[in-house]
Amino acid sequence: MRQLIREALPLMAAPLLSLGLEEGTWEGLVGPSTVGGSLADVAMPCHSLSPVLKKSPSDIAGEISSAISDSLIGIAEVSSLNGFVNLSAAESWLSARVEVLTADPRMGVSLDEPRVIAVDYSAPNVAKEMHVGHLRSTVIGDAIVRMLEFKGHTVHRENHVGDWGTPFGMLIEHLLDIGEGNVAGEKGISDFDLFYKEARTKFDEDPEFAERARSRVVMLQSEEEETLRLWRILVDVSTNYFNDVYSMLGVLLTDDDLMGESAYRHLLPNVVDRLSETGMLQNSEGADVVFLGGKWLNRDGEPFPVMIRKADGGFNYSTSDLACIIDRVERIGCDELLYVVGTPQKQHFEMVFEVATKAGFMDQSHRAVHVNFGSVLDSSGQMLKSRKGQTVKLVDLLREAVSRAESSISEKNPGLSGDERESAARMIGIGAVKYSDLSSDRTKDYVFDWDRMLSFEGNTAPYLQYAHARICSIFSRSGIGRESVQESQINLGTPEEVDLAKTLVLFSEAVDYSAAGLYPHRLCTHLHSIASSFASFYEVCLVLDEDEEVKSSRLAMCDLTARALSLGLGLLGIDCPERM
RNA sequence: GGGCGUGUAGCAUAGCCUGGAUAAUGCACUGGCCUCCUAAGCCAGGGACCGCGGGUUCGAAUCCUGCCGCGCCCGCCA
């Protein structure tokens, strides 16, 4: 309702001046109402004016209310209660707003001043299974990418896959033991968990293998040709597998977005040089480190460093992340760097950002944000660890979701069959998984519960998709084209229509609020309220079989609702079937 | 020990940034609603001293502070 406020404020100035309130003293009090219902959309608490005007808040609210109500005719109805001045959007104002939206494919969502933004997300490991932890990063990152692109920004997707480092010695040797012909090409690796575990076991238990693995690491780091070829096999097999998962999930990531750790390996010495030039680098027990000081103390109360180059000459992840920052700022020209990575790495990113800022890799014009997310917990509230407990393979989870969706469809709507049922099952099952992850505050821990995420009740994707499908059904049944109603005159004859109109008008604010904070759940919350308002509207307002004027208005509302839902879910990476 | 985060009905969550009115939503529970556009739905109802104590304020779930519980981080792993 920011537009209501924008329109109302100038009209309130003169009447308020006549009550003794100077311009600039009261505007900040006007904001969204905190009470629901039809009472108010915008409210102005008058309690703080009490000492100024030497009257009770209740009297002040009453006086303001009667002073401004004539000025706001056609915009809002004004009343007062409990020391609040309440503005409720006028029906004519609301219907005019809705009419503007019906002609706008962007549903009122404005474009921001464009920035160049890198979003680092997903980041699976080569030769390892993708599990539920990757699900969060992938789904949240993808939603953020879509929202930011929609707001007009240039977004670079960065998939920082784990494709370099010491584990590749044992992985390559294991590949040789198995025989590359059994892995390369179409065959792939059928079980990455098993592959990794076998390599690990041999490394731990077979000294001869461990020795081969260690010298293989040296060959890899010196970029020996044959070793690089073998490494490439593992990378290719894995990225094919990642692509299968991405395509099943329906995310934007492609091979063009791959920027693994290996891609930055030649920049690492450069990081050392540049840190050295600034004088930040210190030698500690043979290693090159940066001491930031401040609150960075270890458990003995001593300062602890950011490790840049280990005593053995190797680099670790801080260095790699610094190289990334340099690359993204200087080569890609990013204004903003977003890292969709779990909360446990918060301290790491704080330190890396601090080093990068002090070293001048970033300046005031750059913004680096750790877009953190909570851990995945099981139903008993424990961390879902990949070490011991049975890890849920991402592919298995997604297949299960789709198959559950398919059986629900068979049960609820036997009329759907063949390709259409299959495609609806995919949209519903995958949508359910994504939505359950996106719909709560990402910074908090996420309770992973198959029954809840696949349940088709409550604040879930299927509930929103169902509202969308019902609308599509109205149009297909009546044979009326969606576009043909987009210039209809809007009449809000019932409370349900008014309520629906308000949630639709608030759509653009919800998108902005969600994108600005990088919080997809805010958009979910609003989409749910749209679907919920629509469901109430649908019960009470017969769309077809009314007189022409009512019918065209309601059809336009239906079209707008369906567009809000599919656009909104689309920004979250979730598709809507027309029938389900 | 230090740092960071978190605590809201039986369960799961929103609201906290930017303080306002009777704390919102879903599941579960109770009771209603399909000769009518998909009942995967709708309507009504019960259920919360917003972890505990101080402070600021006309007003605190929200801001400050002290406790308590839980979690994560403090590795020459990423």
Side-chain angles (χ1 to χ4, degrees), chain A residues 28-29 31 33-36 39-40 43-48 50-51 57 81-84 86 123 125 160 162 165-167 261 284-287 289 294-302 304-305 307-318 320-321 341-348 350-351 372 374-375 377 379 381 383 408-409 411-413 415 428 436 439-441 443-445 447 449 451-452 455-460 462-463 465-467 469-478 517 521-522 524-525 528-529 532 535-545 554 558 579-580:
Chain A
L29 295 173
S33 165
T34 54
V35 292
L39 180 63
M44 175 179 176
C46 302
H47 312 78
S48 63
S50 196
L81 185 69
N82 301 339
F84 290 82
N86 288 315
N125 293 308
H160 197 65
T166 48
E261 290 164 18
S284 169
E285 300 169 41
V289 302
K295 68 179 180 180
W296 306 116
L297 304 174
N298 68 13
R299 64 186 82 217
D300 300 319
E302 295 155 355
F304 77 92
M307 185 64 51
I308 302 299
R309 182 166 55 192
K310 301 186 277 188
D312 67 7
F315 300 96
N316 70 353
Y317 56 99
S318 294
S320 180
D321 281 332
V341 178
T343 301
Q345 293 189 47
K346 188 170 187 193
Q347 176 177 293
H348 163 71
E350 271 184 55
M351 294 180 89
N372 62 318
S375 305
L377 306 181
S379 45
M383 278 265 290
S408 290
I409 294 171
E411 185 192 327
K412 311 280 186 191
N413 190 358
I428 293 165
S436 78
S439 59
S440 67
D441 184 339
T443 64
K444 299 192 178 176
D445 288 348
V447 178
D449 182 334
D451 286 336
R452 192 182 307 124
S455 154
F456 293 177
E457 293 174 334
N459 184 13
T460 63
Y463 178 78
Q465 290 167 326
Y466 177 57
R470 285 168 124 183
I471 295 168
C472 292
S473 175
I474 291 173
F475 281 96
S476 69
R477 234 163 221 285
S478 66
H521 79 279
R522 293 173 174 172
C524 292
T525 301
H528 180 254
S529 78
S532 178
S536 302
F537 160 90
Y538 182 86
E539 292 292 324
V540 178
C541 302
L542 198 61
V543 177
L544 305 174
D545 296 328
R554 289 182 178 173
C558 283
R579 298 206 298 164
M580 59 189 275

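To find a chain, count down the sequence lines: A is the first, B the second, and so on, and within it residues start at 1. Scope of the values below: all heavy atoms of this structure, side chains included, with no hydrogens, waters or symmetry mates.
Annotation: B/rU56 and B/rU65 have their P atoms spaced 15 Å apart (nearest Å). If you take atom P in B/rC27 and the same atom in B/rC68, they sit 39 Å apart, rounded to whole Å. Between the C1' atoms of B/rU6 and B/rG45, the separation comes to 33 Å (whole Å).
OP1 or OP2 of B/rC43 lies within a sub-4.0 Å distance of a side-chain N or O belonging to A/S536.
Atom P of nucleotide B/rC42 and atom CZ of A/F537 are separated by 14 Å, given to the nearest angstrom. Between A/E302 atom CD and B/rG75 atom C1' the separation is 16 Å, expressed in whole Å. Atom CZ of A/F315 is separated from atom C1' of B/rA78 by 16 Å (rounded to the nearest Å). Between the OH atom of A/Y463 and the P atom of B/rA40 there is a distance of 12 Å, given to the nearest Å. Summarising the geometry, the separation between OH on A/Y317 and P on B/rC77 is reported as 9 Å, rounded to the nearest angstrom. To the nearest angstrom, P of B/rC37 lies 15 Å from CZ of A/R554. Atoms CG (A/D312) and P (B/rC77) sit 8 Å apart, rounded to a whole Å. To the nearest angstrom, P of B/rC36 lies 11 Å from CZ of A/R477.
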Report, one pair per line, the protein and nucleotides 1-4 of chain B atoms (nitrogen or oxygen only) whose separation is under 3.5 Å.
{"unit_1": "B/rG1", "atom_1": "N2", "unit_2": "A/N298", "atom_2": "O", "d": "3.4"}
{"unit_1": "B/rG1", "atom_1": "N2", "unit_2": "A/R299", "atom_2": "N", "d": "3.2"}
{"unit_1": "B/rC4", "atom_1": "O2'", "unit_2": "A/K346", "atom_2": "NZ", "d": "3.3"}

Show each protein N/O and nucleotides 10-16 of chain B N/O combination with a separation under 3.5 Å, one pair to a line.
{"unit_1": "B/rA14", "atom_1": "OP1", "unit_2": "A/D441", "atom_2": "N", "d": "2.4"}
{"unit_1": "B/rA14", "atom_1": "OP2", "unit_2": "A/K444", "atom_2": "NZ", "d": "3.3"}
{"unit_1": "B/rG15", "atom_1": "OP1", "unit_2": "A/H521", "atom_2": "NE2", "d": "3.2"}

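Using a 4.5 Å heavy-atom threshold, the side chains of A/Y538 and A/V543 count as separate. The closest side-chain heavy-atom distance from A/Q465 to A/I428 is below 4.5 Å. Put simply, the side chain of A/P462 does not reach to within 4.5 Å of the side chain of A/E457, judged on heavy atoms.
Every stem involving RNA chain B, taken as at least 3 paired positions in a row under the Watson-Crick or G-U wobble test at 3.5 Å, is listed here: B:1-7 with B:68-74, B:10-13 with B:24-27, B:29-33 with B:41-45, B:51-55 with B:63-67.
Taking 3.5 Å as the limit, the base of B/rA21 and the side chain of A/T34 contain a donor-acceptor pair of atoms between them. Counting atom types as modelled, A/N86 pairs a side-chain N or O with a base atom of B/rA21 as donor and acceptor under 3.5 Å.
Out of B/rA40, B/rC42, B/rA21, the shortest distance to the side chain of A/K412 is found at B/rA40. Closest contact between the side chain of A/A535 and the listed nucleotides B/rC74, B/rC37, B/rG41 involves B/rG41. Of the listed nucleotides (B/rC37, B/rC76, B/rA40), B/rC76 has the atom at the smallest distance from the side chain of A/M307.
What you find for A/G374 and A/D445 is that their closest heavy atoms are CA-OD1, 3.5 Å.
Between A/Y317 and A/H348, the ring planes lie tilted relative to each other; the angle falls in the 30° to 60° range.
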